[in-house]
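Here's the structure, in structure tokens; my notes come after.
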Amino acid sequence: MADPALVHLTVNGQPLQVPAGTLLIEACKQHGIEVPSFCYYPNLSLQAACRMCLVEIEKMPKLQTACTVVVSEGMVVNSDSETVHRARKSAIEFILTNHPLDCPVCDAGGECELQDMTFKYGAEQGRFVEPKRHREEQQWSPVVYFDRPRCILCYRCVRACGEGMDVWALGVANRGINATIIPSHQDHLECEECGNCIDICPVGALTSGAYRYQTRPWEMQHVGAICTFCGDGCKTTLGVRNGEILRGDNRDKSGINGDFLCIKGRYGLDFTRHPERLKQPLARRDGELQPVSWGYALETAAKRWREIQKAQGAIGVIGSTRILNEEAYTLQKFARQVLGTPHLDHHRTADFPALFDALAGRGAESLARLDDLKTAPAVLLVGGDPTPQHPLTAWNLRWGYRQHKTRLYVLNSGDIKLRRQAYRYAQVASLAAAVRYLNGEGEAQSAPLTGVAEPSEKRWPQTPAAEVARLDEGLQDFRARLRQEQDVIIVFSGDIAGDSVRDLVAFGNSLSGQTRYLALADNANARGAADMGLYPDLLPGYVPVAAGQAGLNLEQMLAALPRQGLASLYVVGANPFRSHPVAAGDLKQTFLVVQDLFLTETARQADLVFPALCAYEKAGTVTNTGGQVQPQRRGGGCEGAKSDLEILHRLAAAMGEAAWGAADPDRTLQEIRAQVKGYDLPLAKLLAGEAPLALPLNGRVPRAAADLPLRPHHDTLFTAGTLGRYSATLNSVMEGRADKR
Amino acid sequence: MSPFSPQLEARFRELMQRYPARRSALVPMLLYAQDELGWLTPAAVQRIAELLAETELAVREVIGYYSMLRTEPTGKYHVQVCTNISCLLRGGDELYAHCERRLGVGHKQTAADGVFSLEEVECIGACSWAPAVQVNYDFHQELTVEQLDKILDAYAARARGERTDS
């Protein structure tokens, strides 16, 4: 034997070599030998419930379930014998005993594993002649329906909900023929409504309230888009029929999110169909916003801006954290070159400049991808609450805890759900003081603890239960243990900024092993907005503007409004007046142009409103909070609205910039790849969705002239900034909750 | 507020120490709880889940699995008639049919006066003395319909507060 770690076995006469400890079903899969199964699901606990994966193994008297047998040296397996074929036929026949044949109206029809298995392995006739047992379908929540007779009891939903989501809202009641999946609260679910149980269901037993009975799967185009809600950058496969987005899911598991998707990525996308979507430009006439033509709107904006430029009035530009990279890049170019203004910013929710400044001189080895959290030996999480705000980050942290015993150190000012996976948890009054203490400055008392890890019953007994730290030694112990770690990923949210980020990096760099960093920013392209230079003092790639050339930041721009300090404010896909309401009269002297999907608090005050397409309706690239760049593909459309890129190009044309030409995201991407440090990514990898990492590490990044506080959204599970308010499904879930209280 | 007596709470505390994993105490706790309360009330489920740091759902899963754990009240006397092989061969099904007629209730139902409830059960381990009937924790074996009637009469009398010899 060459390598003791490899095991040799024979399947259907074919010799295989796989690592010791591999499950037989996985060994077969790796070598292209199909062993069918329903209940087996990689990375969930083993079930052996469906009996589809039975194979013959020499010297074993009965057929064995390939999903639970670990390969052993010299094993001889037959997965293609007459006996095995008969066993599969029987398993299917048995599963179909009470399974209704309502495939023609079932949501899963056409993408049902039971249909496929019956087609490939099933018997042409069943011997059961008894009437099938019928049960009425049940609505468990606004988004989850259960059709009991269709259920084949594979327990995938139970395991995905418990092990994957740490929600444990699904179980199995009764036994034998009466066995059934049950929800957490007798007749309804109280859970995170992520819908992973629906995706993972091999049949149509669990269906989505937002999608059921609307269409057939083959009538839709399936478009791999990137979710436009949080900054994690999950892939959501849009089901699009006649230009209308009917659903999002991740059944093909091809994104960086694997098989995960949260409620926002799955259901939130119905904002695209909201009746209040803006479909034509609006202009203020006689004090009212009234529909106007695109030509008029573009001409009006161009004319006013040229006048203001002539009069040397100040123009402010506020960009979006949801627009695509190409659009953010073009917006900064438009602001700087066409409008000729340095006053440019966006709603900041994480301090990327401080991170990259602190990491100056380092390379890719110091940045963590979201995926790395799945295998990290140790993670330090500072601030934030990933469970509702960064669901994929939380999923990956739980994955690491479950599969790799990740030691999760949590430093937070509150009590977050990831406490259940925490190895050490320090709840502190001031994150900044606690980080300073970690970095060896100040006393532990300066960062008073408000709580420490409590002993909790762990779901996975292989992980040692967290020991209780005493309040007085909590933070000392926390730091001492971190210092012994050899490989740490430090994840931090917008709850810390500026010098705290620098302190944190200094602490991380002082550790003896490898340390990687991940900053969590809200909204799908918050990182892209930062990388593309939507800053008053930073050009794309965090290149500082010439000394003394920095413009006003977002807070300064908004503060200038009451003083009539801005002649014009151009807001692209942002809603600054939500957090900074303006008084009547503040905007009297300011020509306000807003470009958005809806009439937001900001758009309502505008002199001119351009209707924009959302991320699912245009093509380009987005960068997730960890810096992974992914292609955004066009799913639906919205007649009358235009992409931000097209609006910018048309505005440039209206202002006489002939060289700009027509909007072309591919050309802009080429420009970004050539111009923006860290974005010279291999196009093939980028377009294939491999999510290559942008490395905008570019030397020291100067501190902003004025310290700008970050304003994280602190979203809940069912909210997502301004955009989430326009999702009927997210709202219905929240209303459902409110009714029960 | 615990739905259990202080004695039972103390017993639970002892039980939970007995196993390497606390949740292993679940089945005995459910049995003792049922003995004390007659059935597993929502409050009992909630309290046991709380003691074991499990979800109520996890507790309900286990209750659903075992037919001897009940989530609905029974009569004062729960008549369990075995109709499994040995008892069937010796007339168990006749006993069951008789009970249905006499008590006016079917499987897992409780008579209106709350005295008797009926259940058709699988083997109760009394094959050598078939046919057998279990009333609460008492066994009655090698029965005929007439004998069963006498036994039920005695229980009915006891329910009325009369002293009987049986």
Side-chain angles (χ1 to χ4, degrees), chain A residues 45 47 49 135 138 140-141 144 146 148 151 153 155 157-192 197 417 419-421 453-466 468 740, chain B residues 3 12-13 15-27 29-31 33-34 39-73 80 83-85 106-109 119-124:
Chain A
S45 63
Q47 195 71 49
R135 291 290 205 295
Q138 304 161 28
W140 282 351
S141 85
V144 181
F146 180 57
R148 181 170 161 187
C151 175
L153 288 168
Y155 297 71
C157 54
V158 175
R159 288 172 285 158
C161 182
E163 297 167 22
M165 293 301 295
D166 193 26
V167 168
W168 309 94
L170 293 171
V172 177
N174 308 331
R175 222 177 348 156
I177 197 168
N178 293 316
T180 180
I181 305 294
I182 48 167
S184 55
H185 287 67
Q186 318 243 24
D187 63 343
H188 70 275
L189 271 171
E190 279 180 28
C191 67
E192 295 180 6
C197 54
K417 190 183 165 201
R419 180 189 276 261
R420 288 154 62 94
Q421 280 73 31
E454 291 156 9
S456 63
E457 192 81 352
K458 295 286 174 172
R459 288 282 177 171
W460 293 278
Q462 71 269 26
T463 311
V468 202
K740 284 194 195 81
Chain B
F12 284 169
R13 274 196 295 280
L15 267 172
M16 289 190 294
Q17 302 298 318
R18 211 186 273 180
Y19 305 92
R22 210 169 7 156
R23 63 180 304 185
S24 304
L26 176 56
V27 170
M29 284 167 80
L30 289 170
L31 283 168
Q34 181 167 286
W39 60 291
L40 296 166
T41 60
V45 171
Q46 192 186 358
R47 176 64 182 154
I48 290 173
E50 183 189 359
L51 284 169
L52 294 174
E54 288 290 334
T55 59
E56 287 183 37
L57 180 71
V59 175
R60 288 187 188 282
E61 282 183 288
V62 171
I63 296 172
Y65 187 85
Y66 292 106
S67 58
M68 289 168 74
L69 296 174
R70 295 184 298 264
T71 50
E72 272 167 23
Q80 298 156 74
T83 55
N84 217 300
I85 301 285
H107 177 58
K108 286 195 172 175
Q109 288 178 347
E119 186 174 357
E120 183 179 9
V121 295
E122 303 300 328
C123 184
I124 53 176

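Convention: sequence-line order gives letters A, B, ...; per-chain numbering from 1. We use all heavy atoms of the structure for the numbers below, so side chains are in, but hydrogens, waters and symmetry mates are not. Everything numeric in this text was worked out from a predicted model, so none of it was measured.
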*Under 4.5 Å, counting heavy-atom pairs only, tell me which of A:N178, A:I182, A:V172, A:L170 racks up the most with chain B.*
A:V172

*Measure distances from B:E61 to the heavy atoms of chain A and classify the residue's part below 4.5 Å as side chain, backbone, both or neither.*
both

*Can you tell me if A:T180 and A:R148 form a side-chain donor-acceptor pair at under 3.5 Å?*
yes

*In terms of heavy-atom pairs under 4.5 Å, which option from A:H185, A:Q186, A:R175 contacts chain B the most?*
A:R175

*Is chain B contacted by the side chain of A:A169, its backbone, both, or neither, given a heavy-atom distance below 4.5 Å?*
backbone

*Around atom CD1 of B:I85, are there more than 12 heavy atoms of other residues, nucleotides or ligands at under 6.0 Å?*
no

*Counting only heavy atoms not in B:E72, do more than 12 fall under 6.0 Å of its CD?*
no

_Measuring only between side-chain heavy atoms, which start at C-beta, is A:S45 closer than 4.5 Å to A:E163?_
yes

